[in-house]
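Below, read A as the first sequence line, B as the second, and so on, with proteins coming before strands; counting in each chain starts at 1. None of the values given here were measured: they were computed from a predicted structure.
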Protein chains: 2
Amino acid sequence: MLNWEQLAECLKILGDKTRLHILSLLKEDELCVCELVEILQISQPAVSQHMRKLKTAKLVKERRNGQWVFYSLDGSNYPFFESILETLPDMQKEIEELKKKGLRVLCN
Amino acid sequence: MLNWEQLAECLKILGDKTRLHILSLLKEDELCVCELVEILQISQPAVSQHMRKLKTAKLVKERRNGQWVFYSLDGSNYPFFESILETLPDMQKEIEELKKKGLRVLCN
DNA sequence: CAAATATATAAGCATATGCTTATATATTTG
DNA sequence: CAAATATATAAGCATATGCTTATATATTTG
């Protein structure tokens, strides 16, 4: 099960504005690093570093597709994760913006 | 309702081992600062500083009783709080220890 | 009111964190 | 295979964090 250390670690990882932003975006759909860079307006390494932390905490999983690495939610380890996700704002607008700019990698 | 910043702030406050320990103790019963000092084995100011953070995040409320200040859980602001509390380990033993040592302030 | 007890605040310090730029690695495509 | 594109890692820096000790404030009690 979930131990002490892991819980604190998970919550620490969740307690960052940028990472919550990322998670709320992933709630809509899987996204690759370059798409997140475009939306979040921070450097590519900054995004990669956040993704590594989220992956280590088992909050996201990754899937490589060609040159891109797509990240998606994986909260199955944490009973409270669903509940936190629900409190995150809707990000459909930001995903739409991305499509309009023609920067969406996959064609949904 | 709960905004962006507040959620990140709350989770950041939750993401600390010592504070999770405190919350799991408060799940059993309200406790005053000197009791927490005894259990956690950190300095009194360290405990007070944690309690201030927890109070600012509205995760605990305080009640003064004579010279003592008792803290108790107050997760009503966060829909996910119950769910996190459930994953915290049982602390009845540590409270019992305190009683045995005669360091329990209130006589329950 | 003075002493005892409990708690809060201030200042300082070692370590952690989130970003940046520079660079390495991985994959595709001509 | 070389160039282009995407991502990861390394190093450095400014700021945040959790603790400590010293001290201030609050309350009770003789």
Side-chain angles (χ1 to χ4, degrees), chain A residues 4-5 8-23 25-26 30-57 59-72 98 101-107, chain B residues 4-5 8-23 25-26 30-57 59-72 98 101-107:
Chain A
W4 203 251
E5 300 268 0
E9 191 54 30
C10 170
L11 291 167
K12 183 180 290 176
I13 296 300
L14 285 169
D16 175 86
K17 236 181 104 179
T18 305
R19 285 192 289 270
L20 285 182
H21 194 169
I22 291 171
L23 292 174
L25 287 162
L26 295 183
E30 65 171 8
L31 290 167
C32 69
V33 176
C34 59
E35 291 172 319
L36 287 167
V37 168
E38 176 60 30
I39 297 175
L40 299 171
Q41 294 291 311
I42 55 177
S43 70
Q44 175 268 311
V47 172
S48 282
Q49 284 158 19
H50 282 304
M51 298 326 286
R52 183 174 48 187
K53 287 185 185 183
L54 289 167
K55 201 177 66 175
T56 302
L59 287 164
V60 304
K61 48 182 190 288
E62 73 177 41
R63 164 178 87 84
R64 186 172 264 282
N65 186 351
Q67 11 175 211
W68 298 281
V69 176
F70 288 90
Y71 287 94
S72 56
L98 198 69
K101 288 193 222 164
L103 295 170
R104 196 79 163 87
V105 172
L106 296 182
C107 332
Chain B
W4 203 250
E5 300 268 0
E9 190 54 29
C10 170
L11 291 168
K12 183 181 290 176
I13 295 300
L14 285 170
D16 174 85
K17 236 182 104 179
T18 305
R19 285 191 290 269
L20 285 182
H21 194 169
I22 292 170
L23 292 175
L25 287 162
L26 295 183
E30 67 172 5
L31 290 167
C32 69
V33 176
C34 60
E35 291 172 317
L36 288 167
V37 168
E38 175 61 29
I39 297 176
L40 300 171
Q41 294 290 311
I42 55 177
S43 70
Q44 175 266 312
V47 172
S48 282
Q49 284 157 20
H50 283 303
M51 298 326 286
R52 183 173 49 187
K53 287 184 185 184
L54 289 167
K55 200 177 67 176
T56 303
L59 287 163
V60 304
K61 49 182 190 287
E62 72 176 42
R63 165 178 87 82
R64 187 173 264 281
N65 186 349
Q67 12 176 208
W68 297 282
V69 176
F70 288 90
Y71 287 95
S72 56
L98 198 69
K101 288 194 225 167
L103 295 170
R104 197 78 164 89
V105 173
L106 296 182
C107 333

**Study point:** Exercise: identify the closest heavy-atom pair between B:E30 and B:S72
**Key:**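 So the two residues come closest at CB-CB, 3.9 Å.
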Self-check item: Gap separating the CG atom of B:L11 from the CG atom of A:D16, nearest 0.5 angstrom
Solution: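 B:L11 CG to A:D16 CG: 10.5 Å, rounded to 0.5 Å.
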Rounded to the nearest 0.5 angstrom, the CD-CG distance for B:E38 and B:L31 is 12.0 Å
(Q) Which residue in the set B:Q44, B:H50, B:R52 passes side-chain hydrogen bond (donor to acceptor under 3.5 Å, both in side chains) when paired with B:S48? (A)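 Of all the options given, the one that passes is B:Q44.
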[N] [atom2] sits how many Å from [X] [atom1], rounded?
| X | N | atom1 | atom2 | result |
| --- | --- | --- | --- | --- |
| A:L20 | C:dG18 | CG | P | 11 Å |
| A:E9 | C:dT17 | CD | P | 7 Å |
| B:N65 | D:dT27 | CG | P | 12 Å |

Handout entry: Sub-4.5 Å side-chain heavy-atom contact between B:L103 and B:I39
Key = no
| Hey, are the side chains of B:F70 and B:L106 touching, using non-hydrogen atoms and a 4.5 Å cut-off? | yes
Quiz prompt | Among B:V60, B:L59, B:L54, the one residue meeting side-chain contact (heavy atoms from CB on, under 4.5 Å) with B:R19 | solution =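 The option that passes is B:L54.
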Its dot-bracket string being built from Watson-Crick and G-U pairs below 3.5 Å, with | for another strand and [ ] for crossing, DNA chain C has the pattern ||||||||||||||||||||||||||||||
- Query: Checking side-chain contact (heavy atoms from CB on, under 4.5 Å) for the pair B:E62/B:K55: CA distance, chi angles, key distance, verdict?
  - Reply: CA-CA 8 Å; B:E62 72 176 42; B:K55 200 177 67 176; 2.9 Å; yes
Looking at A:K61, I'd like to know if its NZ atom is crowded, meaning that more than 12 non-hydrogen atoms belonging to other residues, nucleotides or ligands lie closer than 6.0 Å.
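Atom NZ in A:K61 is crowded, with more than 12 foreign heavy atoms closer than 6.0 Å.
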Sorted by number, the residues of residues 10-19 of chain A with heavy-atom contact under 4.0 Å to DNA chain D: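 Under 4.0 Å from DNA chain D: no residue of residues 10-19 of chain A.
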Quiz item: Is A:E35 reaching over with its side chain to a backbone N or O of A:V105, donor-acceptor style, under 3.5 angstrom?
Solution: yes
Under 3.5 Å, which protein N or O atoms sit close to an N or O of nucleotides 3-11 of chain D? Give each pair with its distance.
{"from": "D:dT5", "atom 1": "O2", "to": "A:Q67", "atom 2": "NE2", "distance (Å)": "3.3"}
{"from": "D:dA6", "atom 1": "O3'", "to": "A:Q67", "atom 2": "O", "distance (Å)": "3.4"}
{"from": "D:dT7", "atom 1": "OP1", "to": "A:V33", "atom 2": "N", "distance (Å)": "3.4"}
{"from": "D:dT7", "atom 1": "OP1", "to": "A:V69", "atom 2": "N", "distance (Å)": "3.1"}
{"from": "D:dT7", "atom 1": "OP2", "to": "A:C34", "atom 2": "N", "distance (Å)": "2.7"}
{"from": "D:dA8", "atom 1": "OP1", "to": "A:Y71", "atom 2": "OH", "distance (Å)": "2.8"}
{"from": "D:dA8", "atom 1": "OP2", "to": "A:S48", "atom 2": "OG", "distance (Å)": "2.7"}
{"from": "D:dA8", "atom 1": "N7", "to": "A:Q44", "atom 2": "NE2", "distance (Å)": "2.7"}
{"from": "D:dA8", "atom 1": "N6", "to": "A:Q44", "atom 2": "OE1", "distance (Å)": "3.0"}
{"from": "D:dA10", "atom 1": "N6", "to": "A:Q49", "atom 2": "NE2", "distance (Å)": "3.4"}

